K.L.:
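First the structure, which I've put down as structure tokens, then a few questions once you've had a look.
Quantities reported herein were computed from a predicted structural model and do not represent experimental measurements. Below, chains carry the letters A, B, ... as their sequence lines are ordered, and counting in each starts from 1.
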Amino acid sequence: MTEAASEVVVRGRRQLVSLLTFRGRRHARADFVLGVIAFAIFIAAWYFIVIAGIVPERFLPLPSTVIQTMLRLLTESHFLNDIWVSVARVWGAFLLSVVFAVPIGVWMSNYRLVAALLEPIVDFIRYLPVPALVPLLIIWFGIGEASKIAVLWMGTFFQLVLLVADDAKRIPREFVESGFTLGAKPFQITRDILLPAMLPNLVDNLRITLGWCWTWIIVAEIVAAKSGIGHYIWSMRRFLKTPEVMSGILVIGIIGLLTDQAIRAWHRRHFRYL
Amino acid sequence: MTNASPFLSVRKVSKEFGGENRADSPIKVVDNVSMDIDEGEFVVYLGPSGCGKTTLLRIVSGLESASAGDILLSGNAVTGPDRKKGMVFQAYASFPWLSVLDNIKFGTRYRTDIGDKEKAEISKYYLHLVGLGDYADFFVNRISGGMRQRVAIARTLAAAPDILLMDEPFGALDAQTREFLQEQLLEICRVEKKAVIFVTHDVEEAVFLADRAFMFSARPARIVEEIDIASVLGAERDSRTKESEAFFNLRNHVRELMRKQAQQNI
Ligand SMILES: Nc1ncnc2c1ncn2[C@@H]1O[C@H](COP(=O)(O)OP(=O)(O)OP(=O)(O)O)[C@@H](O)[C@H]1O
Ligand SMILES: [Mg+2]
């Protein structure tokens, strides 16, 4: 064996050992390879199930059929419009949630009075199942855009406000007290110390909240909508167009994944100090 | 009684915690402590663990209020924390999202007595005073614990406090770094001529740094003995101070006091 080859073998073995070590070190490349392998096994199993006739193709189309359908749909303007409508609803409702949740959450952590007043009611509403609220929200807001935004807002605001309050509360006491002994007023401490200190966690929580938005938008669009990916998936179901249904789901997954990765990348770049 | 009011005056200060709820009876943590501190004086608080040193220091800073008694700084009652009472915490309180220099600069942020140009100059001055000139652009969690504590000291000094309050600032450091920082701190104090209250339970550190040391009893903290160290060792200290016989004797004396108090704790 050449030196280079044996080097590769040694390195490979070392990575394998560390993969099996309890809480072992992370190897980016090994992680990637394993991810690809698992994914390949999944796709292969899928092909096998369909080709072997275990599940009829009418219910489970081949992966290649789904991909082809999706690529075709992505050139059709009605589908692109559905995507755009859903993305706009998600981001609109998400930003509306953030605009309320961040100041109120920080305020709750700053003043016991606000927390004591709001915590019980927020906690109560948080446990109401969002799908159960949909009929009510439609009665209130009709079947236009307002009711979609309302569903998403109800589904995210109450969760987010508590996450923000928690993030703000977890800031070390020494940070706040340093602020006081350097001459800062409460609003200056909030602006110059609390917000920057909690920002990395906040961005993480926003990322997760954005993911929930995608769950609730589909719920809202399936129940009452004339457009959007959820509406598209639901109407294709009626004609048993399984490849189209799966394409719609896949597109949501891809959008979610791309957004998530983009935010993560921004997080890594922006919070280098972590 | 003289006319001139002392620089810092602790007057019959007591502190009880708890008792807000009817369920728990209040615990007394500081018991009728009085002392006067001069401008530029280095005072050390010594006492067994949990006796109330941190609490007393926090009362002086205004972060905690006394249950009874007053703190007067230059004749004015202390009612809350502000820039005049600079605090260096035991835990690393420097901000991880800022560089070393920006952390130090944060100390000048709320000063209204100087402009932006001076703020930048002062920050650079303190950066160099604590010997971190080469680390200006490092994030604080990329530097050692000793360096982070120097950042905290520089940041506090940059706010131009009247008095520097330090709660076991070197407690988490190894012996070598600790000794190095002790000498550096004395050097800084010589330049800055600021009053310091320094809490520690390391006897050697106390004797080496202090002009005057106060030994506190186990909880509730009462002053057991006031030890005038400057009159024995003089104001100037250096690395040889620790080898002198006077230092040795003082240290043994204080250690004996400390042992007696700690025993009452058990
Ligand atoms: N906010 C608080 N509420 C109730 N009890 C407190 C509070 N802060 C401190 N104590 C109690 O007061 C006592 C003195 O605490 P303090 O931190 O002042 O001691 P210390 O002398 O600084 O101790 P150490 O040397 O361990 O730092 C302790 O028994 C502690 O439990
Ligand atoms: Mg303490």
K.L.:
Would a 4.5 Å heavy-atom cut-off, applied to side chains only, mark A:Thr181 and B:Asp82 as touching?
P.N.:
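The answer is no, as the side chains (C-beta and beyond) never meet within the 4.5 Å cut-off.
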K.L.:
Is B:Arg155 close to chain A through its backbone or its side chain, or both, or neither, when contacts mean heavy atoms under 4.5 Å?
P.N.:
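Contact with chain A involves both backbone and side-chain atoms of B:Arg155.
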K.L.:
Does B:Lys124 NZ have over 12 foreign heavy atoms under 6.0 Å away?
P.N.:
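No.
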K.L.:
Nearest 0.5 Å, please: how far is CD in A:Glu177 from CZ in B:Phe89?
P.N.:
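Answer rounded to 0.5 Å: 5.0 Å.
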K.L.:
Crowded around A:Phe100 CZ? As in, over 12 foreign heavy atoms under 6.0 Å?
P.N.:
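Open: at most 12 neighbouring heavy atoms sit under 6.0 Å from CZ of A:Phe100.
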K.L.:
Can you give me the closest heavy-atom contact between A:Tyr273 and B:Arg142, atom names plus distance?
P.N.:
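It is O-NH1, 3.5 Å.
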K.L.:
More than 12 heavy atoms of other residues, nucleotides or ligands under 6.0 Å from CH2 of A:Trp212: is that the case?
P.N.:
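Buried by this count: over 12 neighbours within 6.0 Å.
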K.L.:
Nearest 0.5 Å, please: how far is OG1 in B:Thr156 from CG in A:Leu182?
P.N.:
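Those atoms lie 6.0 Å apart.
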K.L.:
Taking side-chain hydrogen bond (donor to acceptor under 3.5 Å, both in side chains) as the cut-off, I'd like each qualifying pair that reaches into residues 67-81 of chain B, sequence neighbours left out, listed once.
P.N.:
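Qualifying pairs, neighbours excluded: none.
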K.L.:
Could you give me the CA-CA distance, side-chain angles and deciding distance for B:Phe95 and A:Asp192, then say whether side-chain contact (heavy atoms from CB on, under 4.5 Å) is met?
P.N.:
CA-CA 11 Å; B:Phe95 301 137; A:Asp192 303 336; over 6 Å; no
K.L.:
Need one label for B:Phe138: side chain, backbone, both or neither, based on atoms under 4.5 Å from any heavy atom in chain A.
P.N.:
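For B:Phe138, no heavy atom lies under 4.5 Å from chain A.
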K.L.:
Looking at B:Pro161, B:Ala159, B:Pro96, which one has more heavy-atom pairs under 4.5 Å with chain A than the rest?
P.N.:
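When all of B:Pro161, B:Ala159, B:Pro96 are compared, B:Pro96 has the most.
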K.L.:
Which heavy atom of A:Gly183 sits nearest to which heavy atom of B:Tyr110, and what is that distance?
P.N.:
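Smallest interatomic distance, heavy atoms only, reads O-CB, 3.7 Å.
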K.L.:
Does A:Phe175 have more than 12 heavy atoms from other residues, nucleotides or ligands lying within 6.0 Å of its CZ?
P.N.:
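Check passes, neighbour count above 12.
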K.L.:
The test is side-chain contact (heavy atoms from CB on, under 4.5 Å); show your working for B:Met87 and A:Glu174 and say whether it passes.
P.N.:
CA-CA 10 Å; B:Met87 185 93 168; A:Glu174 285 84 2; over 6 Å; no
K.L.:
Please look at A:Ile193 and chain B and tell me whether the side chain, the backbone, both or neither of the residue comes under 4.5 angstrom of a heavy atom of that chain.
P.N.:
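Both backbone and side chain of A:Ile193 come within 4.5 Å of chain B.
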K.L.:
Taking side chain as everything from C-beta outward and backbone as N, CA, C, O, which of these in A:Arg272 sits under 4.5 Å from a heavy atom of chain B? Side chain, backbone, both or neither.
P.N.:
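Both parts, heavy atoms under 4.5 Å.
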K.L.:
Check whether B:Ser94 gets within reach of chain A through its side chain, its backbone, both or neither, counting any heavy atom under 4.5 Å.
P.N.:
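For B:Ser94, backbone heavy atoms alone lie under 4.5 Å from chain A.
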K.L.:
Checking A:Pro196 against chain B: side chain, backbone, both or neither under 4.5 Å from a heavy atom?
P.N.:
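Answer is both: backbone and side chain atoms of A:Pro196 are under 4.5 Å from chain B.
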K.L.:
I'd like to know whether CH2 of A:Trp266 has more than 12 heavy-atom contacts from other residues, nucleotides or ligands below 6.0 angstrom.
P.N.:
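Yes, enclosed.
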K.L.:
Quick check on A:His270: does its NE2 atom have over 12 non-hydrogen neighbours (other residues, nucleotides or ligands) under 6.0 Å away?
P.N.:
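No, the 6.0 Å shell around NE2 holds no more than 12 heavy atoms from other groups.
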K.L.:
Is it true that atom CD1 of A:Ile121 has more than 12 heavy atoms of other residues, nucleotides or ligands lying nearer than 6.0 Å?
P.N.:
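Not more than 12 within 6.0 Å, no.
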